[in-house]
2 protein chains.
Amino acid sequence: MTDPTPEGLISVRQGVLPLLEHLTRVGKRAYLNDMDPGGLRLRHLIALRLLAERGPQGQQGLAEALSLDPSNVVGLLNELEERDLVVRRRDPADRRRHIVELSPAGAREVAVADERAVDVEDRLFVALTAEERATLFDLLRRAVGTTLPACEFPAED
Amino acid sequence: MTDPTPEGLISVRQGVLPLLEHLTRVGKRAYLNDMDPGGLRLRHLIALRLLAERGPQGQQGLAEALSLDPSNVVGLLNELEERDLVVRRRDPADRRRHIVELSPAGAREVAVADERAVDVEDRLFVALTAEERATLFDLLRRAVGTTLPACEFPAED
DNA sequence: TATTGTTATACTCTATAACTATA
DNA sequence: TATAGTTATAGAGTATAACAATA
């Protein structure tokens with residue numbers, strides 16, 4: 001064949017998205033099954049962690065960082081606020097804005113939920129060594145970084 | 001600190017799932033926006049590719065490979081069959097089974113949809129070199145391999 | 001009695017447009 | 001007029017149970 005691209009790379013280019021989709025779905029399901037019924041779902045944990053890492057945020061910035069539509073962030077925050085894991089307060093400087101802040105209970109919940117996420121990931125990535133998981137994390141983090149204006153996520157290295 | 005685990009690895013262990021979820025969601029959205037309205041969604045492409053790579057399958061095996069509930073596979077196949085991309089026929093040996101097979105039109109559609117997926121992935125992974133994408137692909141493929149009894153997916157190397 | 005595929009249903013997730021209150 | 005947040009709604013994705021046909 002006179003194919004200019006090495007065979008291996010062609011299949012690589014075509015197949016990452018299906019694998020991502022698969023792994024995410026299986027991981028979310030495992031996380032859901034692990035948690036107590038009615039507990040926080042993955043999206044809640046992600047939002048709480050974002051607040052923990054970046055501090056108080058307007059909902060607009062939160063939506064952008066999560067790559068969610070602002071209208072969808074509303075319901076997510078409602079659920080977190082009902083459980084007193086998060087506090088919304090008006091920005092005195094611009095009374096249109098809501099500043100969202102993690103509550104002490106929210107911070108505790110992040111720790112609990114993180115524990116569960118660790119268990120799930122340990123099972124999800126049994127095939128990989130610690131170094132490989134670190135590599136995977138790094139690659140994903142860099143890829144995510146370009147999909148958003150400003151998201152370095154859990155970049156606490 | 002007497003922590004037995006290096007600091008770097010701790011944050012790694014906690015954070016892969018959120019990154020996967022984020023990247024998958026963004027990728028699916030990009031794929032959806034790219035395609036002509038009413039076209040095949042990502043899950044259709046994944047199912048067609050599976051059939052292309054593994055050949056005719058019972059729906060049960062298909063469900064397992066896709067990590068979908070068999071009841072959800074029904075609707076997916078209905079949509080593919082309506083477009084004549086796939087053919088269901090009774091297994092003469094066991095008349096309970098439906099053998100699902102890719103049609104010639106289905107095979108052509110895989111190629112078209114793959115093209116679009118390539119574009120999406122090129123944008124999704126601009127931050128990564130070809131080698132890094134190959135590494136990512138390999139790591140994901142190995143991780144997926146353990147989440148399923150038998151899924152080596154696009155392992156055409 | 002167990003298995004394959006199917007139907008029905010409820011709930012979550014996502015995208016979109018219209019609305020309000022502030023600026 | 002534009003922006004931050006909200007509401008409402010429709011469609012896609014997922015989990016579950018019950019069912020028919022066949023083994």
Side-chain angles (χ1 to χ4, degrees), chain A residues 18 20-22 24-35 37-47 56-82 86-101, chain B residues 18 20-35 37-47 56-82 86-100:
Chain A
L20 279 177
E21 193 275 341
H22 191 103
T24 300
R25 196 154 36 76
V26 172
K28 283 171 76 172
R29 188 189 303 148
Y31 182 83
L32 199 68
N33 288 340
D34 253 34
M35 74 185 191
L40 293 181
R41 294 189 300 277
L42 185 59
R43 57 177 37 242
H44 298 118
L45 168 61
I46 294 175
Q57 297 271 323
Q59 297 188 193
Q60 199 95 169
L62 220 43
E64 191 180 25
L66 295 170
S67 193
L68 285 178
D69 191 275
S71 67
N72 294 325
V73 171
V74 174
L76 183 60
L77 290 178
N78 288 345
E79 292 167 348
L80 292 173
E81 204 176 29
E82 272 170 27
V86 131
V87 177
R88 269 191 274 216
R89 57 180 167 79
R90 288 272 172 207
D91 181 353
D94 181 347
R95 292 187 37 75
R96 290 173 303 180
R97 298 186 74 210
H98 275 166
I99 305 293
V100 184
E101 194 172 1
Chain B
L20 279 178
E21 194 275 342
H22 191 103
L23 212 51
T24 299
R25 195 153 38 75
V26 172
K28 283 172 75 172
R29 188 189 303 149
Y31 181 83
L32 198 68
N33 288 341
D34 253 33
M35 73 186 191
L40 293 182
R41 295 187 300 276
L42 185 59
R43 56 175 40 240
H44 298 118
L45 168 61
I46 294 175
Q57 297 271 324
Q59 296 187 194
Q60 198 96 169
L62 220 43
E64 192 180 24
L66 296 169
S67 194
L68 284 178
D69 190 273
S71 67
N72 294 325
V73 171
V74 174
L76 183 60
L77 289 177
N78 288 346
E79 292 167 349
L80 293 173
E81 204 175 29
E82 272 171 29
V86 130
V87 177
R88 268 191 274 216
R89 55 180 168 79
R90 287 271 173 208
D91 182 353
D94 181 347
R95 291 186 39 73
R96 289 173 304 182
R97 300 187 73 211
H98 275 165
I99 305 292
V100 185

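Per chain, numbering begins at 1; letters A, B, ... match sequence-line order.
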Query raised in the report: Any idea which heavy atoms bring A:Glu101 and A:Pro56 closest together, and the distance?
Result: CG-CG, 3.7 Å
Report task. Return the minimal non-hydrogen interatomic distance between B:Arg43 and B:Leu68, and the atom names on each side. Result -> NH1-CD1, 3.9 Å
**Report entry** A:Arg29 vs D:dA15: side-chain N/O to OP1/OP2 distance below 4.0 Å
**Finding:**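 Affirmative; the distance criterion is met.
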Query raised in the report: Does a nitrogen or oxygen in the side chain of B:Arg95 sit under 4.0 Å from OP1 or OP2 of D:dA23?
Result: no
Report task. Assess whether atom CZ of B:Arg90 is packed by more than 12 heavy atoms of other residues, nucleotides or ligands within 6.0 Å. Result ->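 Check passes, neighbour count above 12.
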Using a cut-off of under 3.5 Å, enumerate the N/O to N/O pairs linking the protein to nucleotides 1-5 of chain D.
{"unit_1": "D:dT3", "atom_1": "O4'", "unit_2": "A:Arg96", "atom_2": "NH1", "d": "3.4"}
{"unit_1": "D:dT3", "atom_1": "O2", "unit_2": "A:Arg96", "atom_2": "NH1", "d": "2.8"}
{"unit_1": "D:dA4", "atom_1": "OP2", "unit_2": "A:Gln60", "atom_2": "OE1", "d": "2.9"}
{"unit_1": "D:dG5", "atom_1": "OP1", "unit_2": "A:Gln59", "atom_2": "N", "d": "2.9"}
{"unit_1": "D:dG5", "atom_1": "OP1", "unit_2": "A:His98", "atom_2": "N", "d": "3.0"}
{"unit_1": "D:dG5", "atom_1": "OP1", "unit_2": "A:His98", "atom_2": "O", "d": "3.1"}
{"unit_1": "D:dG5", "atom_1": "OP2", "unit_2": "A:Gln59", "atom_2": "N", "d": "3.4"}
{"unit_1": "D:dG5", "atom_1": "OP2", "unit_2": "A:Gln60", "atom_2": "N", "d": "2.6"}
{"unit_1": "D:dG5", "atom_1": "O3'", "unit_2": "A:His98", "atom_2": "ND1", "d": "3.2"}

Requested in this report: Output yes when a side-chain donor or acceptor of A:Arg97 lies under 3.5 Å from a complementary backbone atom of A:Gln60, and no otherwise.
Outcome: no
Query raised in the report: Do the side chain of B:Arg88 and the main chain of B:Glu81 share a donor and acceptor less than 3.5 angstrom apart?
Result: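 Judged by distance alone, no pair lies under 3.5 Å.
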How many Å lie between [atom1] on [X] and [atom2] on [N], as a whole number?
{"X": "B:Tyr31", "N": "D:dG13", "atom1": "OH", "atom2": "P", "result": "12 Å"}
{"X": "B:Arg41", "N": "C:dC13", "atom1": "CZ", "atom2": "P", "result": "18 Å"}
{"X": "B:Glu64", "N": "C:dT4", "atom1": "CD", "atom2": "P", "result": "10 Å"}
{"X": "B:Ile46", "N": "D:dG13", "atom1": "CD1", "atom2": "P", "result": "10 Å"}
{"X": "B:Leu77", "N": "C:dT4", "atom1": "CG", "atom2": "P", "result": "15 Å"}
{"X": "B:Leu68", "N": "D:dT16", "atom1": "CG", "atom2": "C1'", "result": "15 Å"}

Query raised in the report: Given that B:His44 and A:Asn78 both sit by DNA chain D, which one's nearest nucleotide is further toward the 5' end?
Result: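 By nearest-heavy-atom nucleotide position, the 5'-most residue is A:Asn78.
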Query raised in the report: Could you walk me through whether B:Leu77 and B:Leu62 pass the side-chain contact (heavy atoms from CB on, under 4.5 Å) check?
Result: CA-CA 10 Å; B:Leu77 289 177; B:Leu62 220 43; 4.1 Å; yes
